[in-house]
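The sequence lines fix the lettering, A, B, ..., with proteins before strands; numbering per chain opens at 1.
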Number of protein chains: 2
Amino acid sequence: MNQNQLDLVFGALSDATRRGMLAQLSGGVCNVSSLAKPYAMSQPAVSKHLRVLERAGLIERTRHGRENFVRVNAKAAQEASNWITHYTKFWKAQFDAVEDYLQKTGAKNEH
Amino acid sequence: MNQNQLDLVFGALSDATRRGMLAQLSGGVCNVSSLAKPYAMSQPAVSKHLRVLERAGLIERTRHGRENFVRVNAKAAQEASNWITHYTKFWKAQFDAVEDYLQKTGAKNEH
DNA sequence: TTGATTCATAACCATAAGGTTATATATTCG
DNA sequence: CGAATATATAACCTTATGGTTATGAATCAA
């Protein structure tokens, strides 16, 4: 997965509506209407969100008559997950080390 | 972690510059200048990226004289990681089931 | 065939995001 | 003190994002 694709995946995940759709899709394939139902927004807005998810590779669509069935593509999400998981290992290791460092140097956390 | 915080974390991760900074921080605490060094952008642009990471809770800063030391906060990233990991389990399960379904119904993937 | 359903696209708007330059504020060094 | 360093903030610009309404095209059902 190249950098640009990671941009798209994380970008797609940065919106609660889209995360909700992915959550709903974890229960099985849905058509667009049933994906739209939980949200108080216009149908074109839903279409746009689906487009974002699709460009990120997180979903795929299959037309079936006039209905458009949507399913998750686990692979794209998996690679984003891998990215975080990989670095989380290092970050956790940092965490304690940094606490020590700040103790020694006496720096104040101005957060 | 509430929805809004997840928005911020995934949003922060959706930019290659910021992911690069987090990657660099996995090697240890950095001041702002050394974080900025790899990027062909102005210093204020770097400041903005750090602000985004900070609002998402992914980093914390500690002033030390005129330098501002930056460190990762593993916890925020961890929770984003958890979100993906949680759903990835379901999505993977879906993956095979959906393939079967499409086989049976004969639907074409128009992706 | 007519009308309803499902969905996409176009055009538009307001706000956010990511960049810039200019400037300000501490802090450190000579 | 005066100059350089490290960083933040302000103001601005361009493009992206997330929403809207209006419209169109296919499909299905009566």
Side-chain angles (χ1 to χ4, degrees), chain A residues 3-22 25 29-56 58-71 105-111, chain B residues 3-22 25 29-56 58-71 105-111:
Chain A
Q3 286 292 11
N4 193 266
Q5 192 66 17
L6 266 187
D7 285 8
L8 294 177
V9 171
F10 282 124
L13 294 177
S14 75
D15 182 281
T17 299
R18 290 190 292 263
R19 286 196 307 277
M21 289 172 168
L22 290 175
L25 287 169
V29 175
C30 290
N31 63 12
V32 175
S33 298
S34 55
L35 273 174
K37 195 150 287 174
Y39 304 102
M41 71 180 59
S42 65
Q43 172 260 314
V46 171
S47 256
K48 277 198 182 182
H49 281 302
L50 290 175
R51 227 176 122 72
V52 172
L53 289 167
E54 195 171 36
R55 283 192 59 205
L58 286 165
I59 62 167
E60 287 171 7
R61 293 193 246 194
T62 306
R63 257 220 184 264
H64 225 222
R66 65 183 157 178
E67 291 177 272
N68 217 345
F69 288 102
V70 181
R71 63 186 183 283
T105 60
K108 291 275 180 13
N109 178 359
E110 302 178 342
H111 173 52
Chain B
Q3 285 294 13
N4 193 267
Q5 192 65 17
L6 265 186
D7 285 8
L8 294 177
V9 171
F10 282 124
L13 294 176
S14 74
D15 183 281
T17 300
R18 289 191 292 262
R19 285 197 306 278
M21 288 172 168
L22 290 174
L25 286 168
V29 175
C30 290
N31 63 13
V32 174
S33 299
S34 55
L35 274 174
K37 194 150 289 175
Y39 303 101
M41 70 179 61
S42 64
Q43 171 259 314
V46 171
S47 255
K48 277 199 182 182
H49 282 302
L50 290 175
R51 230 176 120 71
V52 172
L53 290 167
E54 195 172 37
R55 282 193 58 205
L58 286 164
I59 62 165
E60 289 171 5
R61 292 193 248 194
T62 306
R63 258 220 183 263
H64 225 220
R66 64 184 158 180
E67 288 177 274
N68 217 346
F69 287 102
V70 181
R71 62 185 183 281
T105 60
K108 294 275 180 16
N109 177 359
E110 302 178 342
H111 173 57

Looking at D:dA8, I'd like to know if its phosphate oxygens (OP1 or OP2) sit under 4.0 Å from a side-chain N or O belonging to B:Asn68.
yes
With a 3.5 Å cut-off and heavy atoms only, can you find an N or O donor on one side and an acceptor on the other between the side chain of B:Gln43 and the base of D:dA6?
no
First of A:Thr17 and B:Val46 reached from the 5' end of DNA chain D, by closest nucleotide
B:Val46
Between A:Arg18 and D:dG18, does any side-chain N or O lie under 4.0 Å from OP1 or OP2?
yes
Rounding to 0.5 Å, atoms CG (B:Asn31) and NE2 (B:His64) come to a distance of 12.0 Å
Can you measure A:Phe10 atom CZ to C:dG18 atom P for me and round it to whole angstrom units?
15 Å
B:Leu50 CG to C:dA17 P: how many Å, rounded?
16 Å
With hydrogens left out and only the distance checked, is there a donor-acceptor pair under 3.5 Å joining A:Arg66's side chain and the base of C:dT5?
yes
What's the CZ-P distance between B:Phe69 and C:dT27, to the nearest Å?
14 Å
If you round to the nearest 0.5 Å, how far is OG1 of B:Thr17 from CG of B:Leu22?
11.0 Å
Verify the contact: side-chain N or O of B:Ser42 to OP1 or OP2 of C:dG19, cut-off strictly under 4.0 Å; return yes or no.
no
To the nearest angstrom, how far is A:Asp15 atom CG from C:dA17 atom P?
12 Å
Measure the distance from CD on A:Glu67 to C1' on D:dA29 and round it to the nearest whole Å.
14 Å
Mind checking the OG-CD spacing from B:Ser33 to B:Glu67? Nearest 0.5 Å is all I need.
7.0 Å
Rounded to the nearest angstrom, tell me the gap between atom CZ in B:Arg61 and atom C1' in D:dA6.
12 Å
Round to a whole Å and report the spacing from NZ of B:Lys48 to P of D:dT7.
18 Å
DNA chain C: 5'-proximal contact among B:His49 and A:Ser33 (nearest heavy atom):
A:Ser33
Testing D:dG18, D:dT7, C:dG19 for proximity to the side chain of A:Val52, the answer is D:dG18
Measuring from atom NE2 of B:His49 to atom OH of B:Tyr39, what distance do you get when rounded to the nearest 0.5 angstrom?
9.0 Å
Would you say B:Ser47 places a side-chain N or O within less than 4.0 Å of OP1 or OP2 belonging to D:dA8?
yes
Please state how far atom OH in A:Tyr39 lies from atom P in D:dG18, giving the value in whole angstrom units.
14 Å
Output for pair (B:Arg71 CZ, B:Glu60 CD), nearest 0.5 Å, gives 4.5 Å
